[in-house]
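See below for the structure under consideration.
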Amino acid sequence: MIRAGRAVQLLVRRNLRQHALSTVATALSLALAGGLTMAVFVIEGQTRAAFTGELGFNAVLGGRGSALQLVLNSVFHLDTSPGNIPWKIYDEVRKRPYVEVAVPLAVGDNYLNYRIVGTTLDMFNKLEFQRGRRMSVAPGGRLFDPDLQEAVIGSVVAKRAGLTLGSTFNPYHGITYDPAQRHDDVYVVVGILEQTNTPNDRVIFIPIEGIFRMSGHTLRGDGGEYTPRRGKPIPDAVKEVSAVLLKLKAGQPGFHLFQEVNRQGRVATLAWPIGSVMGEIFDKLGWMAQVLRLLAYLVVCVAAASILTGIYNSLSARRRDYAILRALGAKRSVVFVSIIAEAKSIAALGALLSFGVYAGILTAAAYVVREQTGVVIEPWVAHEALWVTPLAMIAIGGVTGILPARKAYATDVASNLAPLS
Amino acid sequence: MNVIEVADLRKSYRAPDGARVPVLNVPQFSLGKGEQLALQGGSGSGKTTFLNVLAGILLPDSGSVRIAGQDLARLREAARDRLRAMHVGYVFQTFNLLQGFTALENVLLAMSFGHGADRGRARDLLARVGLSDRAAYRPRQLSVGQQQRVAIARAVANRPSVILADEPTGNLDRTNAAAALALIRELCGEVGAALLLVSHDNDVLSAFDRTLRMDELNRVESPVAGAGR
């Protein structure tokens, strides 16, 4: 068989070359199928990991409403805020012994569609946006002074909006840019954050006091309406926040606070644990992922079928060659194995090319996801789909070769050697 | 020592109506080592079937066929394939070269089923048949005479015990036919192979010291034409 192995190699190479066009076309359709399959699995896995992965905090307290909306708005800076809660709730919760970190957020303004988030310095000094990672300002910059109209901006904002250290800008009311909604307040950029590959890269952070005092803003923390005046302190009772990012100590506190806020209270919502809340969205959209996977599998099947039909249809033209080979002493198994090897080779070529398709899809998807959410998808992180899919493709290729191989295996030598008239 | 020994060989085919149609009835036949014999027979005389049986491509209904001392009936198919690769060289009327392969690859492929591919020897063989400058040519790029010379080189590639040649000059003009015949006979002598050549061409037959008519060999009076397929 070792000697015959050389013959098989030669046969496969020649057959692939002889049918180069169909070989390439089939390999390309397989590449598309493989690339699509890998992309579906990797994108799903990475987006799920990005949205449900380990944050440095585990709960979000916000206005009464959807926990999912609350997390999307306050953590991923998507969607709208479900509403505000009085400052006093934040003040009361942050003092609880099981609360390690509490960072208030006030949202509702933007600059050229980049969201402006009012917060405290705890956002940078205490909160870990991912476990073990805090936001830091790039060299040359600094954090904002809570009493001044200063801003620290994300790296993407700096690049896309053309803001640099010392740049000034006017916030606009609302979460989408509308030139008519310009606030009179002018902010100066004092720091640009190091890239985090998170939605924070697309955010402009300013002192929370700045949001309270923004021209045209009215505070309703006590139920009435209060318009801050320059130089006069704002009573805590009227202040309100959009959300509070909380790092709770491990154990029961989260559950107790969850019960207290969500079951007994009527004013606020506690999204806890964040991973589970975000997991819900993926669970709810799970059917979509299933459909995508199913589609990818179908494309693989169609591509596999094209291997089968490609080889099968060429069999009648090759039958004489197989008879000649058999007359030269080739065993039936050589003929059989050569066709299986040919099918596997086409599949292997497709698998190889599928990485190109995969890279293309991932690059496009990563761009869209990053543009829309700020979440960064890494195409070449280890994922089992990246080795299972190519191997499965080669195996499927081998299986699809069985039918034509059996037909070739059964080639009648004598009748196919007869002179052609 | 005989390289081919046939005794009481019978071979028949099943006709579309289910009846068995006898094609071969050869009571006895033998060919000694290095011997060269021309078998004369017209179309439908069963000569191709006879060669296919000797090559182990077809199995006889009964009787004994021994090639290089081995009884084909007692061998499994894989062993018959092996025997064919090692001991039988086949030259066809229509050359039967593999079209997608070069002249050199056609010879190498045959070698790979026998003693193993030897590129140097394959080149030497092509040089011996006058095609050293055509090794990389595909069959379609060669003349019919050149194609038959490649087929002859391929047939002797594994230093077989016997060469079976089925109308090897049937598709060649007189000049090429004479050259091909001479080449086959010379190469058989060089590798020590016996030669059993089937032809109905008198020029070819007259070149042999020993000839045999198919009807002297085969007791079936009028085998069905084309039954060898």
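This one's a predicted model, so the numbers in the text were calculated from it and none came from an experiment.
Contacts of B/A55 with chain A are absent, with no heavy-atom separation under 4.5 Å from either backbone or side chain. Contact annotation for A/I324: only side-chain heavy atoms (C-beta onward) come within less than 4.5 Å of a heavy atom of chain B. Heavy atoms of B/L97 lying under 4.5 Å from chain A belong exclusively to its backbone. For B/E167, no part lies near chain A; criterion is any non-hydrogen pair under 4.5 Å.
Near-neighbour residues of residues 138-154 of chain B relative to chain A, defined by a heavy atom under 4.5 Å from a heavy atom of that chain, comprise B/R138, B/R154.
The distance from the CG atom of A/D412 to the CG atom of B/L58 is 7.5 Å, given to the nearest 0.5 Å. One finds the CG atom of B/N52 at 6.5 Å from the CG atom of A/L417 (value rounded to the nearest 0.5 Å). Taken to the nearest 0.5 Å, the CZ atom of B/F101 stands 5.0 Å off from the CG atom of A/L10. Atom CG of B/L98 sits about 5.0 Å away from atom CG of A/L325, to the nearest 0.5 Å. Taking CG of A/L11 as the start and CG of B/L109 as the end, the distance is 5.5 Å to the nearest 0.5 Å.
Identified under the side-chain hydrogen bond (donor to acceptor under 3.5 Å, both in side chains) test for residues 286-310 of chain A, with sequence neighbours left out: A/E44-A/R293, A/Q290-A/R293. Applying the side-chain hydrogen bond (donor to acceptor under 3.5 Å, both in side chains) test to residues at least two apart or on different chains, the pairs with a partner in residues 54-66 of chain B are B/S12-B/D61.
B/E77 has its side chain out of reach of A/K331: every pair of non-hydrogen atoms, C-beta onward, lies at least 4.5 Å apart. With a 4.5 Å cut-off on side-chain heavy atoms, A/R326 and B/I57 do not count as touching. In this structure the side chain of A/R320 reaches within 4.5 angstrom of the side chain of B/T94, judged on heavy atoms.
Atom CZ of B/R74 has 12 or fewer neighbouring heavy atoms from other residues, nucleotides or ligands inside a 6.0 Å radius. Heavy atoms from other residues, nucleotides or ligands lying under 6.0 Å from CZ of B/R159 number 12 at most. For CZ of A/R370, the number of neighbouring non-hydrogen atoms (other residues, nucleotides, ligands) closer than 6.0 Å is greater than 12. Within a 6.0 Å sphere centred on OH of A/Y312, heavy atoms belonging to other residues, nucleotides or ligands number 12 at most.
Listed here is the closest heavy atom pair of A/G329 and B/A85: CA-CB, 3.7 Å.
Take A/Y358 and apply the side-chain hydrogen bond (donor to acceptor under 3.5 Å, both in side chains) test, not counting sequence neighbours, and it matches no residue.
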